[in-house]
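Let me begin by presenting the structure, written as structure tokens, before commenting on it.
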Amino acid sequence: MLNQKVFSEEIIKPSKPTPTHLRYLKASLFDQVNAPVLMPIIFFYSKQHTPSTSTFLDRLKNSLRATLSVFYPLAGRVQNTSYIDCNDMGVPYIESKVPSIYLSEVVHKADMSLLDELLPSHGNDHVGYDKLLLAIQVNTFACGGVAIGIKMNHSICDAFSKAMFVKTWASIARGGGQSRLPSPFFEVWKHFPPYPLKSSINTNIASKEPDSNIITIRPVTKWFMFTKEMCNELRSRLCSEYNYQSRPSLTMVLSAFIWSKIKLASSDKTLPHEVYHAINLRPKVDTLSKSYYYFGNMAVNAIAKPSLDNDESLCNSFITTIEDSVEKISRKNGLIEGLQNGTQNLRYMMQHYKRVTKGEIVSLGFSSLRSLPLYEADFGWGKPVWVTSATLMYSTTVIMIPGGASSDDTYVYINLKPDQMAKLQADQEFMSFVTKSPTFGTFVSSKI
């Protein structure tokens with residue numbers, strides 16, 4: 001345990017009240033299908049870049065107030081699948097001191113239980129659901145290092161939105177203001193209208209009841225680091241065996257390799273396996289000018305059913321079926337256009353979740369944050385030396401995060417049932433491609 005001491009807890013509210021006409025933000029159809037789970041992320045900063053404790057704490061709080069005036073929905077609360085109440089109730093903000101351990105020790109160990117202590121406790125119960133949209137904990141180490149732990153509600157934002165919020169907050173904190181950055185556009189529902197509350201598809205999601213996949217078995221979260229060289233080796237091996245029309249991305253190759261190993265570790269040998277990859281729709285929906293960006297959930301799952309006939313072809317089957325699913329989403333008259341004009345819906349996603357809950361299929365989900373500007377969050381004392389996730393609520397999830405500001409390595413956070421995780425770590429080929437040692441150069445060797 002870190003044995004940190006909380007010395008301040010307060011509610012931070014926007015510096016300016018939200019106008020009355022913006023009080024209620026209608027949910028988009030993507031918001032409707034995402035459970036109100038608080039998703040974690042932690043930003044680590046080394047001591048040589050930080051000012052005095054009182055200076056940076058004041059800077060963080062004051063800039064957060066200003067940032068919440070821009071991102072006003074985050075100071076509100078989830079009501080139901082129809083809307084967010086932008087009532088300016090504020091954001092829980094905790095400040096803690098970690099007196100007996102260096103920040104570098106936390107990074108060296110990178111133990112999930114230690115990382116969890118650097119985050120607000122909101123959403124940590126057996127359900128994990130919360131009406132809060134944002135909670136923050138700032139941790140200062142005796143050595144001068146800083147860790148900013150953030151939880152943001154998945155019912156209002158995806159990973160891209162979270163990254164843009166933090167980047168804006170950091171810009172305001174260091175005096176750069178928000179004017180140099182694109183402004184958030186919250187009304188995603190105008191392009192992807194929500195389902196009516198009385199529609200047949202909404203009956204399964206209107207109350208946002210807890211997903212049994214979250215509640216029944218507390219998952220084990222572990223991270224593994226794949227170097228750029230190992231990822232290239234995996235891709236070269238695949239490309240030498242299969243004739244792809246275009247070379248698959250490193251993200252897709254890494255996903256395929258991980259899925260093939262988790263599938264082999266699965267105890268459910270007779271059930272069908274389905275996989276899904278979250279696809280960011282922003283590059284495919286270019287209806288905004290460069291001065292704005294979509295804030296909210298703007299990702300859709302590409303779901304595929306790889307063949308299980310031959311273990312040696314698992315990776316290839318994963319890549320071909322996922323790429324085919326992605327193509328169906330973005331092609332002309334595909335899913336994106338259908339969602340916008342109302343001719344298609346997300347029933348296929350709801351049916352997938354329902355089958356998982358009933359135990360009819362084995363599912364594994366992937367989300368890649370490798371292209372997001374996570375390491376651009378400079379609050380005035382330099383860019384983060386490490387950005388990490390922590391324990392997740394879903395039992396079958398894989399998240400990929402870049403290894404550093406100038407690194408091509410990838411940190412993979414895998415969330416599995418305990419028995420599956422044990423089998424995965426016993427897989428010699430899998431473990432030969434990964435490392436558990438952080439690679440932060442002089443950062444981890446210094447006493448910070």
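Every value quoted in this text rests on a predicted model; they were computed, and no experiment measured them.
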Ring centres under 6.0 Å, that's the criterion: do [X] and [Y] meet it?
X      : Y      : result
Tyr353 : Tyr348 : no
Phe433 : Phe257 : yes
Phe224 : Tyr411 : no

Residue pair [X] / [Y], side-chain heavy-atom distance below 4.5 Å:
X      : Y      : value
Pro184 : Val70  : yes
Ile156 : Val78  : no
Val387 : Phe44  : no
Phe185 : Glu187 : yes
Ile94  : His122 : yes
His191 : Gln340 : yes
Ile279 : Asn301 : no
Val362 : Pro272 : no

Donor-acceptor pair, side chain of [X] and main chain of [Y], under 3.5 angstrom:
X      : Y      : value
Ser325 : Ile303 : yes
Ser161 : Gly296 : yes
Ser313 : Asn316 : no
Lys328 : Leu335 : no
Arg282 : Tyr294 : yes
Lys151 : Pro120 : yes
Asp116 : Thr391 : yes
Gln4   : Glu117 : yes
Asn153 : Leu132 : yes
Asp85  : Gly76  : no

TODO: Would you please say whether a donor-acceptor pair under 3.5 Å links the side chains of Asn34 and Ser155?
DONE: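 No donor-acceptor contact under 3.5 Å links the two side chains.
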
Open item on the list: When you compare the side chains of Asn139 and Gln137, does any donor N or O come within less than 3.5 Å of an acceptor on the partner?
Closed with: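 Yes.
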
TODO: List the steps and the verdict of side-chain contact (heavy atoms from CB on, under 4.5 Å) for Ile401 and Ser389.
DONE: CA-CA 8 Å; Ile401 295 181; Ser389 184; 4.0 Å; yes

Nearest 0.5 Å, what's the [atom1]-[atom2] distance between [X] and [Y]?
X      : Y      : atom1 : atom2 : answer
Ile322 : Glu327 : CD1   : CD    : 13.5 Å
Thr67  : Lys167 : OG1   : NZ    : 14.0 Å
Met252 : Phe366 : CE    : CZ    : 9.5 Å
Leu424 : Lys417 : CG    : NZ    : 15.0 Å
Leu115 : Ile42  : CG    : CD1   : 5.0 Å
Asn3   : Ser96  : CG    : OG    : 11.5 Å

TODO: Mind checking side chain to side chain donor-acceptor pair (under 3.5 Å) for Tyr93 and listing every partner two or more places apart, or none if nothing turns up?
DONE: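 Side chain to side chain donor-acceptor pair (under 3.5 Å) list for Tyr93, sorted by chain: empty.
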
TODO: Go through the steps to decide whether Arg247 and Arg235 satisfy the test side-chain contact (heavy atoms from CB on, under 4.5 Å), and finish with yes or no.
DONE: CA-CA 8 Å; Arg247 192 171 67 159; Arg235 182 161 62 180; 3.3 Å; yes

salt_bridge([X], [Y]) N-O dist < 4.0 Å:
X      : Y      : result
Arg237 : Glu429 : yes
Glu360 : Lys354 : no
Asp427 : Lys261 : yes

TODO: Kindly determine whether Thr388 and Tyr413 satisfy side-chain hydrogen bond (donor to acceptor under 3.5 Å, both in side chains), including the steps that lead there.
DONE: CA-CA 9 Å; Thr388 178; Tyr413 296 78; 2.4 Å; yes

- [ ] Please report the C-alpha distance between Asp158 and Asn297 in whole Å, then the side-chain angles of each, then the deciding distance to 0.1 Å, and finally whether the side-chain hydrogen bond (donor to acceptor under 3.5 Å, both in side chains) criterion is met.
- [x] CA-CA 5 Å; Asp158 54 18; Asn297 286 296; over 6 Å; no

Open item on the list: For Tyr292, I'd like to know if atom OH has over 12 heavy atoms of other residues, nucleotides or ligands within 6.0 Å.
Closed with: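 Atom OH in Tyr292 is not crowded, with 12 or fewer foreign heavy atoms closer than 6.0 Å.
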
Open item on the list: Other residues, nucleotides and ligands only: do more than 12 of their heavy atoms fall within 6.0 Å of NZ on Lys423?
Closed with: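 Counting other residues, nucleotides and ligands, NZ of Lys423 exceeds 12 neighbours.
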
- [ ] Can you spot which of Phe71, Phe30, Tyr72, Phe165 makes a ring-ring contact (aromatic ring centres under 6.0 Å, His included) with Phe295?
- [x]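 That would be Phe71.
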
For the residue pair [X] and [Y], what are the closest heavy atoms and their distance?
X      : Y      : value
Tyr276 : Gly365 : CZ-CA, 3.3 Å
Ser432 : Met230 : O-CE, 3.6 Å
Arg77  : Leu133 : N-CD1, 3.9 Å
Val253 : Cys231 : CG1-O, 4.4 Å
Tyr293 : Pro182 : CE2-O, 3.2 Å
Ala27  : Asp31  : CA-OD2, 3.7 Å

Task: Residues Trp259, Leu314; criterion side-chain contact (heavy atoms from CB on, under 4.5 Å); working and verdict - done: CA-CA 8 Å; Trp259 174 77; Leu314 287 177; 3.8 Å; yes

TODO: Begin with the C-alpha distance, continue with both residues' side-chain angles, and end with the deciding distance and a verdict on side-chain contact (heavy atoms from CB on, under 4.5 Å) for Val300 and Asn280.
DONE: CA-CA 7 Å; Val300 68; Asn280 181 17; over 6 Å; no

- [ ] Over 60° means perpendicular and under 30° means parallel, so classify the ring planes of Phe43 and Tyr45, tilted if in between.
- [x]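 It falls in the parallel class, under 30°.
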
Open item on the list: Angle between ring planes, Tyr83 versus Tyr24, binned at 30° and 60°: parallel, tilted or perpendicular?
Closed with: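 Perpendicular, since the angle between the ring planes exceeds 60°.
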
- [ ] Decide yes or no on salt bridge (charged side-chain N to carboxylate O under 4.0 Å, His left out) for Glu337 and Arg331, but give the supporting numbers first.
- [x] CA-CA 9 Å; Glu337 289 188 18; Arg331 70 188 180 191; over 6 Å; no

